[in-house]
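Following: one structure in structure tokens, then a few remarks.
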Amino acid sequence: MAEQLISTTVHEKLPDNYVRAEAERPRLEEVVADADIPVVDLANPDRAEVVAQIGAACRSHGFFQVLNHGLPVEVMRAAMAVAHEFFRLSPEEKAKLYSDDPAKKMRLSTSFNVRKETVHNWRDYLRLHCYPLEQFVPDWPANPPPFRDTMSEYCKEVRDLGFRLYAAISESLGLDKDYIKKVLGEQEQHMAVNFYPKCPSPELTYGLPAHTDPNALTILLMDEQVAGLQVLKEGKWIAVNPRPNALVINLGDQLQALSNGRYKSVWHRAVVNSDRARMSIASFLCPCNSVTLGPAEKLIGEETPAVYRNYTYDEYYKKFWSRNLDQEHCLELFRTKL
């Protein structure tokens, strides 16, 4: 199945099944340069200021970058290095891991959901389940040899950061600082190691089209040498330029629901380029499948009725994967009838 992967060969021409209809193309010339992307320094000793900055970013963008976040730089660099090593493996080695089944907890695949799509995306990716590590690591790739240990260490650090961010986001909503962590239950953790090869016609396709994330919180390690992430703000796409040693944080759909719509799950997309391949490592904190989700009771009142009905993450996730990635916001299907 290695022929399904776009990273196993060099493409001189964009295959027809990657070409978007004219109205759906990225219009790269209209993208705004890195414009006022919120940046939060987590080493700031004034916690109230950090909480306020995170709350403001969640309201205005649903998205921010963090500096001095506590993840050791050497752990981040090692994760990115072993990700590059993985995608340099032979086509035969990668073919052993290929699957187009979204239900598989470890798979190397391409695009987004090739079983449903009519137009594909210029991306190969390795999808891993990461919690609890002892359950899933034995099924992770054995090559390159450092992969399991390196990515395990990165996963542990990211999970700790995610829980620290939950506390600040909870406080910014006027909730107890452990509210989000508790209400989401024993959380799963997933990872997508995304590889976007050089593309012969980047103006005709996407690495990933516009979408929101179905989970609670996403922590993204970006390639510092190659930009490609863009976020939607007030109808305009804004390019996010990588900052040295920063991590990108974006709110997923579950935090928009929990905040009763005060905070936004950001629309974002990945574009590609013809000069250089790009790598990113996205870590997803996901609610326990069986817990009941919905707006926090403290955020519901006569003047602020519940915007979304209650549901389980299992129900939400199945609905998300049953659709195309760039359809309307999946949360709209869970909106209350006011």
Side-chain angles (χ1 to χ4, degrees), residues 26-44 46-71 73 76-77 80 123 158 161-162 164-166 168-169 171-173 192 194 196 202 206-213 215-256 259 261-273 276 278-285 326 329:
R27 296 193 177 97
L28 299 174
E29 71 282 356
E30 297 176 13
V31 173
V32 179
D34 200 13
D36 299 323
I37 297 294
V39 178
V40 180
D41 184 350
L42 296 185
N44 183 343
D46 187 342
R47 180 168 178 80
E49 185 178 353
V50 171
V51 168
Q53 288 176 344
I54 287 175
C58 292
R59 274 191 303 277
S60 64
H61 288 72
F63 163 90
F64 52 99
Q65 295 195 60
V66 288
L67 301 173
N68 298 312
H69 38 65
L71 259 78
V73 171
M76 296 163 60
R77 288 181 178 161
M80 192 62 85
R123 172 185 82 139
V158 162
L161 172 62
R164 284 187 280 127
L165 291 169
Y166 278 163
I169 294 168
E171 289 179 71
S172 74
L173 287 165
N194 301 306
Y196 305 96
Y206 291 100
L208 277 174
H211 64 286
T212 64
D213 289 346
N215 52 297
L217 194 72
T218 301
I219 299 174
L220 183 70
L221 175 60
M222 291 205 299
D223 189 328
E224 290 185 8
Q225 307 304 314
V226 191
L229 175 67
Q230 299 177 353
V231 296
L232 188 63
K233 179 79 163 64
E234 296 171 353
K236 293 184 178 177
W237 286 103
I238 300 172
V240 181
N241 294 327
R243 283 175 171 255
N245 304 326
L247 290 164
V248 173
I249 313 298
N250 67 266
L251 301 194
D253 296 349
Q254 305 318 314
L255 291 189
Q256 179 169 327
S259 72
R262 292 188 191 183
Y263 291 173
K264 301 295 180 250
S265 176
V266 66
W267 284 92
H268 54 291
R269 68 185 190 180
V271 298
V272 291
N273 70 79
R276 300 183 68 172
R278 186 172 79 92
M279 185 81 70
S280 71
I281 302 175
S283 296
F284 308 99
L285 287 180
D326 52 357
H329 202 311

Minimum side-chain heavy-atom gap Q65-V248 below 4.5 Å = yes

ask   = Under the side-chain contact (heavy atoms from CB on, under 4.5 Å) criterion, do R47 and E171 qualify, and how do the steps go?
value = CA-CA 10 Å; R47 180 168 178 80; E171 289 179 71; 2.4 Å; yes

key: side-chain contact (heavy atoms from CB on, under 4.5 Å) between V66 and I219, intermediate numbers included   = CA-CA 10 Å; V66 288; I219 299 174; over 6 Å; no

request  = Examine distances only and state if a side-chain atom of R278 and a backbone atom of A270 form a donor-acceptor pair shorter than 3.5 Å.
outcome  = no

request  = Can you see which heavy atom on P242 is nearest to which on A227, and at what distance?
outcome  = CD-CB, 4.0 Å

key: Intermediate values then yes/no, side-chain contact (heavy atoms from CB on, under 4.5 Å), L232 and T212   = CA-CA 10 Å; L232 188 63; T212 64; over 6 Å; no

query = Say you draw a straight line from CG of L217 to CD of Q254; how long is it, rounded to the nearest 0.5 Å?
reply = 11.5 Å

request  = Could you pull out the closest heavy-atom pair between A216 and Y166, with the gap in Å?
outcome  = CB-OH, 3.3 Å

key: Heavy-atom pair with the smallest gap, counting every atom of A282 and T218   = CB-CG2, 4.4 Å

task = Work out which heavy atom in R269 is nearest to a heavy atom in L208; give both atom names and the distance.
result = CB-O, 3.4 Å

query = Is any side-chain heavy atom of Q53 closer than 4.5 Å to a side-chain heavy atom of D41?
reply = no

inquiry  = I'd like to know if the side chain of D213 reaches the main chain of N215, judged simply by a donor and an acceptor atom lying under 3.5 Å from each other, with no hydrogens or angles considered.
reply    = no

Contact check, side chains of I169 and Y263, non-hydrogen atoms, under 4.5 Å = yes

ask   = Has the side chain of H268 got a donor or acceptor atom that lies under 3.5 Å from a matching backbone atom of H211?
value = yes

note = On a heavy-atom basis, the closest approach of P202 and V272 is CB-O, 3.1 Å

task = If the plane angle is over 60° it's perpendicular, under 30° parallel, otherwise tilted; pick one for H329 and W267.
result = perpendicular

task = Mind checking the CE-CE spacing from M222 to M76? Nearest 0.5 Å is all I need.
result = 10.5 Å

inquiry  = Within this structure, what is the CZ-CZ distance for the pair R59 and R262, rounded to the nearest 0.5 Å?
reply    = 9.0 Å

message = Would you say CD of E234 has more than 12 non-hydrogen atoms from neighbouring residues, nucleotides or ligands within 6.0 angstrom?
response = no

ask   = CG/L229 to CG/D223 distance, rounded to the nearest 0.5 angstrom?
value = 12.0 Å

remark   = Output for pair (L221 CG, M279 CE), nearest 0.5 Å, gives 10.5 Å

inquiry  = Using a 3.5 Å distance criterion without hydrogens, assess whether the side chain of Q256 forms a donor-acceptor pair with backbone atoms of L251.
reply    = no

message = Let me confirm one number: the CG-CG distance from N250 to L220, rounded to the nearest 0.5 Å.
response = 7.5 Å

ask   = Between N273 and L28, is any pair of side-chain heavy atoms under 4.5 Å apart?
value = no

L247/V158 under side-chain contact (heavy atoms from CB on, under 4.5 Å): CA gap, chis, key distance, verdict = CA-CA 10 Å; L247 290 164; V158 162; 5.7 Å; no

message = Measuring only between side-chain heavy atoms, which start at C-beta, is V31 closer than 4.5 Å to V271?
response = no

